[in-house]
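A note on names: the letters A, B, ... follow the listed sequences, proteins ahead of strands, and every chain is numbered from 1.
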Number of protein chains: 2
Amino acid sequence: MVFTMTTTSPQGRTELLRPDGSPVRVLVVDDELSITELLSMALRYEGWQIRSAGDGQGAVQTAREFRPDAVVLDMMLPDMDGLAVLGRLRRDLPDVPVLFLTAKDAVEDRIAGLTAGGDDYVTKPFSLEEVVARLRGLIRRSGAADRRSDSVLVVGDLTLDEDSHEVSRAGEGIHLTATEFELLRFLMRNPRRVLSKAQILDRVWSYDFGGQANVVELYISYLRRKIDAGREPMIHTRRGAGYLIKPAAS
Amino acid sequence: MVFTMTTTSPQGRTELLRPDGSPVRVLVVDDELSITELLSMALRYEGWQIRSAGDGQGAVQTAREFRPDAVVLDMMLPDMDGLAVLGRLRRDLPDVPVLFLTAKDAVEDRIAGLTAGGDDYVTKPFSLEEVVARLRGLIRRSGAADRRSDSVLVVGDLTLDEDSHEVSRAGEGIHLTATEFELLRFLMRNPRRVLSKAQILDRVWSYDFGGQANVVELYISYLRRKIDAGREPMIHTRRGAGYLIKPAAS
DNA sequence: TGCGTTTCTCAGGAAAATCACAGATTTCCG
DNA sequence: CGGAAATCTGTGATTTTCCTGAGAAACGCA
């Protein structure tokens, strides 16, 4: 199936659509309600259609009739092993890409071989930006074989490549740390739109982050040094509201 | 049949296509479900169309109607000998190339005779990179005999010949061990793209590897000594994300 | 069998990234 | 202009991630 990119979202964001123009469908499987709720909300915000399940049984059943374009699957389910669920899912939907959720320390053993099939995983606790980015990648790549990968975000003379993790402004390469990269990606995916510190914290930092809220200020400061240094600034503060990024020209 | 190479895959990777533009078809035959699953997933990711069978009977039957462009065949099947299956397959598809899967300790001379006919084999446990590479080779050669050049990967002044296993940078030959070669091949097949340690491990090491994840770091270190030694580095670390290779120029 | 090569584990150390804290600076508003 | 609130940023502690030397074990080959 070929997914297309359009910029017709009400937010003015780029979003993925199925060939018939209907929204992408994602199935979320996790036994913790708080996680499925969190993910459902974040993914709906992407304009996707979400269905969720709390166990393997439900997952297989829902998948059969919902026919999702991608699945987010917790490896630790009450009724069956993540791999068993995967097997059943694959029987009905042979090509559906799967994003696994796994505990930080359980990573190495059972994930073996899974990323080789084009699937991917994130460790708990994750950040929503990470999940969304990985899902977008999976969905994009699962599409028919003949489309250019549109993995580059552009705002003014600033570009960010999600595949190579390369960032450059006015042609000049810029090195960013992992957190800086995710923050900039979030900003660039929402250009000209004010994002509150709370929103940023919720999206870019993992859901169990317990630190001081001013990390956002700190990382905005880091980004400015690297992105805006000496140039016309692109990152702006809206005092009392948040931050936004926009092309330097306007 | 002549297969053509295009670079239009969503990953920006080179991929094989049949003359009519339809995907290459591969039949996977193994009695262990986990193996057929693993291979199916990995080969689908190459953009190929996969069908699998769990025994000789099913293999012959599936082959008859699926008409694959290549077959991956475990020599150890429950119902019939690998040779018998081969014979039957050849009756319907005289020219289809076969990649044999064999146990490490299996008698090699039996295989040796078979591979003389343009077939090939890998021993279990295998790495996916190896299987994919061999299959690509078989399919390519079964098509037209005269597109040797396609077996050379080039990134900047670094070249790697998948047929002769020769590697050179700036014209200077470099000796690599088997593992180093496979790692470099994987990197070079995905230039300018960040590959996580998990992806690399899943692809380059055999599916039953149970060791420490830092072998990847170790072999990256080895490669750097040989590839980047003294020169402008081509292998880059994206801390917290993975590694990527790109031409020294940019 | 014996020797050189290759693969891999282990562990120390270096480097980088993350973040808390607090003082400096800016903005807003009366 | 003055003060309060909000934001910015320098410093350094802590944690995470990565690199690589040394050596053990497995392998390949004569």
Side-chain angles (χ1 to χ4, degrees), chain A residues 104-105 107-108 112 123 125-127 129-130 165 167 174-184 187 194-201 204-206 208-230 233-245, chain B residues 103-105 108 123-127 129-130 165 167 174-184 194-198 200-201 204-229 233 235-244:
Chain A
K104 181 89 170 185
D105 45 7
V107 185
E108 311 301 350
T123 59
F126 47 77
S127 78
E129 262 304 284
E130 206 180 328
H165 281 213
V167 174
I174 295 170
H175 170 82
L176 298 184
T177 71
T179 306
E180 289 162 359
F181 181 82
E182 292 226 338
L183 172 55
L184 182 59
L187 293 175
V194 176
L195 301 165
S196 72
K197 282 187 267 195
Q199 272 179 302
I200 293 173
L201 204 55
V204 176
W205 272 261
S206 36
D208 73 339
F209 179 79
Q212 306 303 106
N214 88 327
V215 280
V216 176
E217 293 169 21
L218 184 60
Y219 272 86
I220 287 286
S221 162
Y222 290 160
L223 267 189
R224 280 178 166 146
R225 264 178 241 178
K226 295 181 177 181
I227 301 297
D228 288 345
M234 294 181 64
I235 299 173
H236 305 267
T237 302
R238 287 283 174 275
R239 191 162 252 258
Y243 302 93
L244 87 165
I245 198 168
Chain B
K104 184 89 173 183
D105 48 3
E108 299 225 344
T123 59
K124 287 185 178 182
F126 47 77
S127 78
E129 261 304 284
E130 206 180 327
H165 278 215
V167 174
I174 295 171
H175 169 80
L176 298 183
T177 70
T179 307
E180 289 163 359
F181 179 82
E182 291 219 346
L183 172 56
L184 182 59
V194 175
L195 301 167
S196 72
K197 281 186 264 196
I200 293 173
L201 206 55
V204 175
W205 270 260
S206 40
Y207 56 80
D208 71 340
F209 179 80
Q212 308 303 100
N214 88 326
V215 281
V216 176
E217 292 169 22
L218 185 62
Y219 273 85
I220 287 286
S221 164
Y222 291 160
L223 266 189
R224 280 176 167 150
R225 271 177 230 177
K226 295 182 177 180
I227 302 297
D228 287 344
I235 299 173
H236 304 266
T237 303
R238 286 282 172 276
R239 200 162 249 259
Y243 300 93
L244 87 164

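To the nearest angstrom, C1' of C:dT18 lies 12 Å from CG of A:N214. Atom P of nucleotide C:dA17 and atom CG of A:L184 are separated by 15 Å, given to the nearest angstrom. Rounded to a whole Å, the CG atom of A:D208 is 15 Å from the P atom of C:dT18. Between the CD atom of A:E180 and the C1' atom of C:dA16 there is a distance of 11 Å, given to the nearest Å. Distance A:I235 CD1 to D:dT9 C1': 15 Å, rounded to the nearest Å. One interatomic measurement links the two molecules: CZ of B:R238 to C1' of D:dC19, which rounds to 17 Å at whole-angstrom precision. Across the protein-nucleic acid pair, A:L183 atom CG and C:dC19 atom P stand 12 Å apart, rounded to whole Å. In this structure, CD1 of B:I200 is placed 16 Å from P of C:dT7, rounded to the nearest angstrom.
With rounding to the nearest 0.5 Å, the separation of CG in A:L183 from OH in A:Y222 is 12.0 Å. Rounding to the nearest 0.5 Å places CG of A:L187 at 12.0 Å from CD of A:E182. Summarising the geometry, atom CD1 belonging to A:I245 is positioned 4.5 Å from atom CE belonging to A:M234; distances are rounded to the nearest 0.5 Å. Taken to the nearest 0.5 Å, the CG atom of A:L223 stands 11.0 Å off from the CZ atom of A:F181. For the atom pair B:I227 CD1 and B:L184 CG, the distance stands at 5.0 Å (nearest 0.5 Å). If you take CG on B:L244 and OG on B:S196, they are separated by 12.5 Å, rounding to the nearest 0.5 Å.
Across B:K226 and B:E180, no two heavy atoms sit closer than the pair NZ-OE1, 2.7 Å. Among all heavy-atom pairs drawn from B:Y207 and B:P125, the shortest one is OH-CA, 3.6 Å.
In terms of the side chain to side chain contact (heavy atoms under 4.5 Å, CB included) criterion, residue partners of B:P233 (sequence neighbours excluded) are, by chain and number, B:D228. Partners of B:E129 under the salt bridge (Lys or Arg N to Asp or Glu O under 4.0 Å) rule, at least two apart in sequence or in another chain, are B:R185, B:R203. The side chain to side chain donor-acceptor pair (under 3.5 Å) check on B:T179 picks up nothing, with sequence neighbours excluded. Looking at residues two or more places apart in sequence or on another chain, you find a side chain to side chain contact (heavy atoms under 4.5 Å, CB included) between A:S221 and A:R225. In this view, B:A241 and A:H165, B:V194, B:R238 satisfy the side chain to side chain contact (heavy atoms under 4.5 Å, CB included) rule, not counting sequence neighbours.
Nucleic acid contact for A:Y243: sugar-phosphate only, since backbone atoms but no base atoms lie under 4.0 Å from a heavy atom of the residue.
Closest-nucleotide positions on DNA chain C for A:Q212 and A:H175 were compared, and the one nearer the 5' end corresponds to A:H175. Position along DNA chain C of the nearest nucleotide to A:T179 versus B:A178 favours B:A178 as the more 5'-ward residue.
For A:T177, a side-chain nitrogen or oxygen approaches OP1 or OP2 of C:dT18 to under 4.0 Å. Under 4.0 angstrom from either OP1 or OP2 of D:dC18 there lies no side-chain N or O belonging to B:H236. Proximity of B:K197 to the phosphate of D:dC18: a side-chain N or O atom is located under 4.0 Å from OP1 or OP2. A close approach under 4.0 Å does occur between a side-chain nitrogen or oxygen of A:W205 and OP1 or OP2 of C:dC19.
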Close N or O pairs between protein and nucleotides 25-30 of chain D (under 3.5 Å):
none

Interface polar pairs with nucleotides 26-30 of chain C, N/O, under 3.5 angstrom:
residue, atom, partner, partner atom, Å
C:dT26, O2, A:R239, NH2, 3.1

Expected list for residues 210-220 of chain B: side-chain donor-acceptor pairs under 3.5 angstrom, two or more places apart:
residue, atom, partner, partner atom, Å
B:E217, OE2, B:K197, NZ, 2.9

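Less than 4.0 Å separates DNA chain D from at least one heavy atom of each of the following residues of residues 217-225 of chain B: B:E217, B:L218, B:S221, B:R224, B:R225.
Note that the two end axes of the helix from C:dT1-D:dA30 to C:dG30-D:dC1 enclose an angle of 40°, each drawn from 5 base pairs, rounded to 10 degrees.
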